[in-house]
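Just below is one structure, and these are the notes that go with it.
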Amino acid sequence: MKALILVGGFGTRLRPLTLSVPKPLVDFANKPMILHQIEALKEVGVTEVVLAINYQPEVMLNFLKEFETKIGITITCSQETEPLGTAGPLALARDKLVDGSGEPFFVLNSDVISEYPFAELVKFHKSHGGEATIMVTKVDEPSKYGVVVMEEETGKVERFVEKPKVFVGNKINAGIYLLNPSVLDLIELRPTSIEKEVFPKIAADQNLFAMVLPGFWMDIGQPKDYITGLRLYLDSIRKKSSAKLAIGSHFIGNVLVHETAVIGEGCLIGPDVAIGPGCVVESGVRLSRCTVMRGARVKNHACVSSSIIGWHSTVGQWARVENMTILGEDVHVGDEVYSNGGVVLPHKEIKSSILKPEIVM
């Protein structure tokens, strides 16, 4: 089986992290976002992953080459010269996706994190005999999204309603699809939307089915949702393989610590924290609801909450970093400095406090 991951553009919503690497390579729970997807695809028997990309393909490929051999999967790029939306990339990658076997292929949105129940998806797709299956997830506020109206018993999709004013249902497109090769005949090589143009056509022919995604789902393409996604992800690890989580008197709730990270005396860490490879957390530090990325250092008695500390950054002694502060790569926050929602571009030194959310160039 094959899979196409829609990588797309510049990742502006996750800046300043995406100023250093393309968005799918930004770490999430101590490994690049896209690796969570590739590993889950490999597990269900996918042998080739195609990345649909229009920005920095060399960086992506060079980085993923080492994982090709490690995971044992072929990774190739299909590069757009102009943005082609969410369906155009399928037409562009047609030759890579169709091998004459007639097997369906996966399409994934690269920002989506979930438990990826791909085996169940394949089983459901083969059982209903339709042309395409989309995964849907239940949300509390459907009016912010495009809602999928479907038959509960069979999963057959009746129609789509964009940002409904009155309640029509609470299931939204989760950005995970399994499509028969015949779907490619419906897509032209031009900028086009799979959600607005292709799926409604298939639904009109009664050939589109939806499966409700079990477990959690999050689009982690922006900082607030990234932090929420981390909580949901760690929660699912707790249920499935809690041995991966840190244990000890200075951990509260779910905490993921890379084996090469060093943690000092008298810290209080958690809930919902990921500490990456080579990180140093000195004594008396308080961390909650945050990510500390590879090679970062949090100095004595600093406090970090609801924030993202980028690669090789430092947080000074007795500093306080909170309220969606995002430090890009190699940012240095001075001792006793306070950051309230500062978004700091790479390679900066912060010597005075940031009292209200702002971008620090």
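Position 1 is the first residue of the sequence, and the numbers go up from there. Quick caveat, the model's predicted, so the values are computed rather than measured.
Ile269 pairs with exactly one of Ile275, Val257, Val304, Val298 by the side-chain contact (heavy atoms from CB on, under 4.5 Å) rule, that one being Ile275. Considering Glu322, Lys224, Arg289 as possible partners of Ser306, the one that fulfils the side-chain hydrogen bond (donor to acceptor under 3.5 Å, both in side chains) test is Arg289.
In this structure, Lys299 does not pair ionically with Asp335, as no charged nitrogen and carboxylate oxygen lie closer than 4.0 Å. Contact check on Glu68 versus Lys65 returns a salt bridge, with a Lys/Arg side-chain nitrogen under 4.0 Å from an Asp/Glu carboxylate oxygen. Salt bridge annotation for Glu48-Lys2: present, with a cationic side-chain nitrogen under 4.0 angstrom from a carboxylate oxygen. Note on Asp235 versus Lys239: salt bridge recorded, some NZ/NE/NH1/NH2 to OD/OE distance being below 4.0 Å. Salt-bridge annotation for Glu103 and Lys126: present, with a side-chain N of the basic residue lying under 4.0 Å from a carboxylate O of the acidic one. Residues Arg320 and Glu336 are not paired through a salt bridge, judged by the lack of any N-O separation under 4.0 Å between the basic side chain and the carboxylate.
Put simply, Leu25 and Val112 are part of the same group of oily side chains (I, L, V, M, F, W, Y) that touch within less than 4.5 Å, one to the next.
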Which donor-acceptor pairs under 3.5 Å do the side chains of residues 344-361 make with protein atoms, sequence neighbours left out?
residue	atom	partner	partner atom	Å
His347	ND1	Asp330	OD2	2.8
Lys348	NZ	Met361	O	2.8
Ser353	OG	Tyr338	N	2.9

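Ring orientation note: the planes of Tyr226 and Phe28 are nearly perpendicular, at an angle over 60° on the 30°/60° scale.
In the model, Thr133 has a side-chain atom that pairs as donor or acceptor with a side-chain atom of His128 under 3.5 Å.
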